[in-house]
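Quick note: numbers below take in every heavy atom, side chains included, and nothing from hydrogens, waters or symmetry partners.
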Amino acid sequence: MNVERTDPTGVTKLAAAERINFAQASTLALHEAMRTDDRVLLFGEDLADREGGGVFKITKGFSTEFGDLRVRSTPISEQAIVGAAVGAAIAGMRPVAEIMLMNFVTVAMDQLINHAAKIRYMSGGQTNVPLVIRTATGAGAGTGGQHSDMLEAWFAHTAGIKVVVPSSPADAKGLLLSAILDEEDPVIFIENTRTYRTMGAAPPPMLRVPLGKANVVREGTDVSVIGYGRPIMDALLVADRLQAEGVSVEVVDLRTVAPFDLETILASVAKTRRAVVVHEAVRNFGVGAEIVASIQEELFSDLKAPIRRVASKFSPVPYSKPLEEAFMWNAEEMYGAIRSTL
Amino acid sequence: MNVERTDPTGVTKLAAAERINFAQASTLALHEAMRTDDRVLLFGEDLADREGGGVFKITKGFSTEFGDLRVRSTPISEQAIVGAAVGAAIAGMRPVAEIMLMNFVTVAMDQLINHAAKIRYMSGGQTNVPLVIRTATGAGAGTGGQHSDMLEAWFAHTAGIKVVVPSSPADAKGLLLSAILDEEDPVIFIENTRTYRTMGAAPPPMLRVPLGKANVVREGTDVSVIGYGRPIMDALLVADRLQAEGVSVEVVDLRTVAPFDLETILASVAKTRRAVVVHEAVRNFGVGAEIVASIQEELFSDLKAPIRRVASKFSPVPYSKPLEEAFMWNAEEMYGAIRSTL
Amino acid sequence: MNPIVEEDERPSEAGAELGPEFFRTVYRKFWLIHRCDERFRAVITSGRASLIYYPVRGQELLAAAMGAVLRKDDYIVTTYRGLHDQLAKGVPIDRLWAEFLGRLDGTCKGKGGPMHITHPETGVMVTTGIVGSGLPIALGLALASQVRGDGRVTVVSFGDGASNIGAFHESLNMASLWKLPVVFFCQNNTYAEHTAYANGTSCAHVVDRAAGYAMRGVRVDGNDPAAMAGAAWAAVEWARAGKGPTLLEADTFRFKGHTIGSSSDYVPKDAIAAAEKVDPLATFRPWMIAKGYATDDQLGLIEGEIEAELDHAVEYGFASPFPPVEELLTDVHGQGVSQ
Amino acid sequence: MNPIVEEDERPSEAGAELGPEFFRTVYRKFWLIHRCDERFRAVITSGRASLIYYPVRGQELLAAAMGAVLRKDDYIVTTYRGLHDQLAKGVPIDRLWAEFLGRLDGTCKGKGGPMHITHPETGVMVTTGIVGSGLPIALGLALASQVRGDGRVTVVSFGDGASNIGAFHESLNMASLWKLPVVFFCQNNTYAEHTAYANGTSCAHVVDRAAGYAMRGVRVDGNDPAAMAGAAWAAVEWARAGKGPTLLEADTFRFKGHTIGSSSDYVPKDAIAAAEKVDPLATFRPWMIAKGYATDDQLGLIEGEIEAELDHAVEYGFASPFPPVEELLTDVHGQGVSQ
Ligand SMILES: Cc1ncc(C[n+]2csc(CCOP(=O)(O)OP(=O)(O)O)c2C)c(N)n1
Ligand SMILES: Cc1ncc(C[n+]2csc(CCOP(=O)(O)OP(=O)(O)O)c2C)c(N)n1
Ligand SMILES: [Mg+2]
Ligand SMILES: [Mg+2]
């Protein structure tokens with residue numbers, strides 16, 4: 001019997017794995033969601049099997065297993081893609097639309113900001129827009145100025161829309177499942193092309209990670225590192241290094257960037273009285289600024305040192321390797337920033 | 001002789017006025033710029049005389065005076081409008097494109113973010129994009145969820161593009177003139193529909209107000225209020241009120257929101273050791289967050305109180321009058337915030 | 001009519017369904033729209049209410065005809081200039097008045113306002129203030145119907161000016177590829193704000209663009225009750241039968257400027273005069289009687305009933321309270337299991 | 001050819017200008033593109049350089065023909081798959097190699113990279129990585145020429161897939177309204193990433209959309225040197241004469257997948273076989289000789305010269321240093337009097 005026929009997506013085998021990577025986490029979450037709720041629809045450029053199952057192959061086999069009605073490749077028409085998701089969501093479906101790379105949301109901002117985010121409010125709560133936009137981005141792979149941006153701060157600044165950035169494959173899977181199956185709000189789910197092949201522990205089937213709750217990934221007492229996404233992995237390494245030097249670092253992973261879990265942040269900083277905020281997006285007017293501003297407002301007299309930010313530099317993403325390296329946040333800067341608070 | 005023929009824009013009369021409003025400030029600046037530099041082109045929806053000279057009548061008479069080659073009404077095609085501005089700027093012109101209301105930039109973000117802001121950088125400095133986007137917005141006139149947003153934080157988070165929000169007619173005129181005639185970078189110039197008829201002193205002809213420099217509108221010693229745009233007018237009134245109560249408030253108007261004049265901000269706060277940041281955009285992840293984060297980073301041990309933010313609430317802009325009033329920042333909140341720092 | 005429509009697809013003037021009763025329904029909707037539009041303009045001009053209003057004077061008939069063709073559970077998406085579409089689809093007039101006035105009993109608790117009327121019970125799913133943005137959303141509504149096989153049709157209204165924005169193009173292409181049950185209803189009132197059709201749109205008729213999407217394209221005189229109803233009926237049935245989308249362009253006119261209070265100096269006098277000659281407000285009533293679809297008395301009765309309904313609606317709207325301030329921060333997010 | 005082009009507007013195979021010398025220029029560009037593409041693929045496949053590269057194998061001729069028709073000061077805008085356009089327009093090969101490799105001597109100091117080649121001296125004004133976004137920018141370049149009356153033409157290249165995005169629509173409409181001197185050069189290589197033409201585009205040919213903008217539309221066999229050069233020549237002259245834009249669709253094929261290293265499983269074998277039969281790489285050289293435009297020796301000489309140029313360019317590229325880290329924060333802003 002043909003394996004492709006019985007398990008076109010390969011998830012049966014994947015589901016048994018003890019470790020999975022970020023790409024596989026998305027595949028598993030999408031598959032479990034599709035199986036659980038037939039209102040879940042997938043569409044985006046090239047993602048059906050006729051087109052090879054997506055440029056990152058995350059949805060390979062899905063159109064074969066779930067059919068062409070529920071899984072569709074689209075033309076290069078991001079406004080139509082997001083708009084179709086908005087309409088389908090209002091009509092009671094749970095569309096998961098893919099915007100191949102995050103810079104391409106720039107052609108679909110109207111649908112996301114003026115419509116997806118606001119329709120529930122403007123209708124006085126009569127209609128919901130439970131859609132998920134999966135998109136990918138990230139610097140470090142030489143994709144240059146128009147294919148690498150982290151734009152989550154724009155969405156965070158918009159009431160009515162949620163932003164999720166996972167920092168481990170298990171979180172990616174659990175958060176994506178929650179976003180698709182449990183949310184009534186539009187969710188932007190940001191994957192990182194640089195870590196698609198990065199492995200981590202596989203969570204049990206159908207395990208959801210709720211949105212809106214931060215995760216204290218590592219407990220510590222001297223300083224809080226608060227962030228999300230890829231830099232959390234570096235933060236854990238830096239924390240190890242500092243542990244060896246006698247400094248106890250707490251690492252708080254927001255998981256949901258907006259609306260973020262201020263309570264957990266404040267609890268951590270109230271304890272450590274020092275904080276460093278980290279993210280991959282450029283520093284100026286980034287998500288980190290809001291976190292800093294909120295902390296200082298609430299814990300002003302508890303703080304022992306200025307809150308530092310570690311983020312990418314304020315320029316377009318350069319192509320040339322050494323410039324791209326210099327553009328990105330790095331572990332050394334994190335180390336320095338943490339040290340500076342002590 | 002027909003006045004319309006000799007002075008179709010009416011600026012001859014206007015130029016003699018001692019007081020002008022914000023709409024007239026834009027008219028005067030555009031007119032002086034068009035007259036000074038024939039590379040200046042205007043285009044946008046309805047702005048030529050065949051279409052009545054614009055919905056706000058700011059460009060009335062311009063196409064008659066400067067001709068149809070330099071002043072054009074466009075179809076409803078914001079991507080084409082901004083893209084045409086990008087191309088014309090690269091080719092050496094100084095286009096001023098109008099996006100009627102700020103929410104409509106959401107359909108043109110790609111041209112602004114991926115292109116206007118980055119082309120200079122990505123070309124290694126070979127090409128400039130000296131365009132100005134004039135747009136208008138503002139809550140308080142019952143225009144609801146899709147016609148009232150302040151989105152300047154998005155642009156501020158993008159390297160390569162400048163953001164200007166004037167707080168007086170004189171500033172509006174001077175800043176717009178500089179943006180058009182002197183800048184090599186793309187500039188977003190944000191007007192406020194609610195204050196188009198608000199009057200102020202008229203500046204002398206051709207007086208430029210340079211970008212990038214904040215203005216200490218009122219000196220004070222006890223607390224710094226830092227902001228831009230419409231709330232600056234309220235801040236001045238609140239400062240009067242507090243003056244009467246024995247509190248000396250310094251008011252710093254950023255004028256250029258991005259890149260902002262950190263030096264002037266720090267000088268002010270170093271003196272007063274207390275700060276309140278104000279803006280019309282929603283509070284969460286707004287421009288204010290960056291200002292707060294920057295101040296606390298630089299002046300941590302000088303600060304006597306947490307820096308407060310006064311801004312609009314975090315929701316879409318509601319239609320119903322009482323809700324819209326509750327949505328907007330207000331002078332009472334400003335007063336309370338300032339008081340809380342003392 | 002556009003050549004892309006074959007002869008046998010053109011509906012007869014009536015079709016079985018489009019008889020006297022049908023046209024009496026159209027008339028009722030037509031008159032309701034007309035009087036409601038007039039009364040909005042009156043409360044605004046008189047200063048009793050202050051709001052930005054986009055008059056529909058001139059476009060009553062085409063919306064009434066479309067509304068009469070649609071099922072209650074069909075979906076529509078419309079724009080800021082949407083009163084006619086909303087009323088034709090059946091939105092309760094009193095709640096609509098309350099919404100326009102920003103009151104708690106409005107369709108959207110006063111939070112949306114005139115540019116954002118939503119009333120899912122009557123299929124009014126989205127009203128948008130962004131030109132062209134309804135079209136992509138209509139794709140999704142139609143997609144949901146296609147997946148569920150629920151037989152619903154989605155009609156999205158937009159203006160001539162909207163045919164020049166990117167969203168129009170992407171939507172027609174995708175709808176054609178996916179054979180979605182959607183009708184793209186272009187109400188060509190010859191102006192986009194202050195820009196005359198030909199100064200913004202490069203082709204002679206919006207429907208000329210249908211060929212670029214291999215889509216059924218039909219142009220119809222929106223002032224001709226039979227032609228308009230027939231074209232609406234055919235486009236909706238075409239979609240309902242699973243044959244795919246139609247670009248339906250109805251010629252009409254906007255008599256009262258872009259928004260209330262804005263001038264119309266830029267509109268040539270002779271264009272107005274020509275439009276007045278074919279204005280359904282002058283022609284539709286006599287046509288009903290001449291056709292024998294209703295007597296003068298019957299129409300008078302309808303008109304009287306509508307006046308009473310409107311009296312009630314206006315009163316209801318003004319009597320409704322403003323929403324309490326707590327409403328500012330509700331409905332921003334849904335509950336969701338995650339929360 | 002599209003019916004919208006009248007017979008007398010169609011260029012003769014040659015036109016006065018398109019003689020032997022012209023085609024030898026085309027051949028030189030053609031061969032340069034071909035060999036340069038091969039060498040990029042070789043340095044990548046061999047592991048000597050690591051970069052994301054969009055091969056142009058199959059599309060050499062159409063770009064060479066267009067490049068030979070254009071003046072040095074004409075503007076072009078192209079895409080990530082733009083090597084052929086850039087070389088045909090005359091970008092120095094050595095600096096182009098340096099840019100692809102991220103080096104300081106690159107056209108953009110290594111800061112733009114392969115997706116963003118800019119070289120104003122040869123008229124390469126923008127290379128974009130966003131599908132469709134070059135078209136609105138081309139409007140502006142052409143607008144500047146129109147205002148200045150400088151006689152320049154702007155050619156913007158894009159793919160078949162790009163014809164489905166909103167920016168395409170807005171741009172063609174505006175260009176037609178304003179009669180801009182621009183050529184919309186659609187290189188239809190039958191795929192948009194992994195999506196075959198007909199699965200993304202609802203009309204039979206991209207050029208079918210020209211009528212929706214009342215625009216001159218021409219479809220040409222991009223593998224036929226005379227037809228391609230003639231169509232390019234006619235479109236450019238049309239624009240230069242102030243008659244307005246053309247939508248020029250050239251049929252071609254993409255032989256090496258979307259990016260280097262990505263599979264092409266989804267392309268049917270017979271489509272590849274059919275394309276191979278008309279591949280200019282097999283047909284153009286014999287055609288030149290058969291036409292008497294060049295001898296085998298002459299072409300061999302050209303090929304030899306190009307090989308030497310390329311040897312130099314590759315060496316130059318690899319020898320150039322990486323930009324110093326200070327370059328990260330330069331060029332973000334211009335100077336401007338305000339600063
Ligand atoms: C994207 C966008 N651009 C501009 C506007 C401002 N605007 C509102 S209505 C309108 C004219 C629309 O004309 P048309 O599509 O013909 O519809 P009509 O108003 O005639 O019904 C414009 C330009 C807008 N709302 N959205
Ligand atoms: C707005 C946008 N959406 C998606 C992409 C991803 N993408 C890059 S190339 C491409 C296919 C383009 O196809 P086509 O226009 O035919 O050009 P070709 O690559 O065949 O030259 C896609 C979808 C993009 N770069 N920009
Ligand atoms: Mg119109
Ligand atoms: Mg292609």
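There is no contact between B:A80 and chain C, counting heavy-atom distances below 4.5 Å. Within the 4.5 angstrom heavy-atom criterion, atoms from both the backbone and the side chain of B:T143 approach chain C. Of the atoms belonging to B:F104, it is side-chain heavy atoms, and not backbone ones, that fall under 4.5 Å from chain C. Contacts of C:I52 with chain B are made by side-chain atoms alone, with heavy-atom separations under 4.5 Å and no backbone atom involved. Residue contact with chain B, scored on non-hydrogen atoms closer than 4.5 Å, involves the side chain of C:L329 exclusively. Heavy-atom distances place no part of C:Y197 under 4.5 Å from chain B, backbone and side chain included. In this structure, no portion of C:T201 lies under 4.5 Å from any heavy atom of chain B.
Between chain B and the options C:L101, C:V332, C:I130, C:V131, the largest number of non-hydrogen pairs under 4.5 Å is found for C:I130. The most heavy-atom pairs under 4.5 Å with chain B, out of C:G166, C:S50, C:G112, C:A196, come from C:G112. Per-residue counts of heavy-atom pairs under 4.5 Å with chain B were compared for C:M115, C:E327, C:E99; the largest is that of C:M115. Comparing B:E78, B:K321, B:H147 by heavy-atom pairs within less than 4.5 Å of chain C, the highest count is held by B:H147. The candidate from C:T195, C:D331, C:T259 with the greatest count of non-hydrogen atom pairs under 4.5 Å with chain B is C:T195. Listed options C:P323, C:A192, C:G161 were ranked by heavy-atom pairs under 4.5 angstrom with chain B; first place goes to C:P323.
No donor-acceptor pair closer than 3.5 Å links the side chain of C:Y266 to the backbone N or O of B:D49.
Applying a 4.5 Å heavy-atom cutoff, the residues of residues 308-316 of chain B that approach chain C are B:K313, B:F314, B:S315, B:P316.
Using a 4.5 Å cut-off on side-chain heavy atoms (C-beta onward), B:Q146 and C:H116 make contact.
The number of heavy-atom neighbours closer than 6.0 Å to CD of C:E315, taken from other residues, nucleotides and ligands shown, is 12 or below.
Residues B:P75 and C:N164 share a closest heavy-atom pair of CB-CB, 4.0 Å. Across all non-hydrogen atoms, the minimal contact from B:I76 to C:A162 is CD1-N, 4.4 Å. When every heavy atom of C:V325 is checked against every heavy atom of B:A326, the shortest pair comes out as CG1-CB, 3.9 Å. Summarising the geometry of B:S320 relative to C:F322, their closest heavy-atom pair is OG-CD2, 3.5 Å, with the distance given to 0.1 Å. Closest non-hydrogen pair, B:Y319 versus C:G113, comes out as CD2-CA, 3.2 Å.
To the nearest 0.5 Å, the span separating CG on C:N199 from CD on B:E51 amounts to 5.5 Å.
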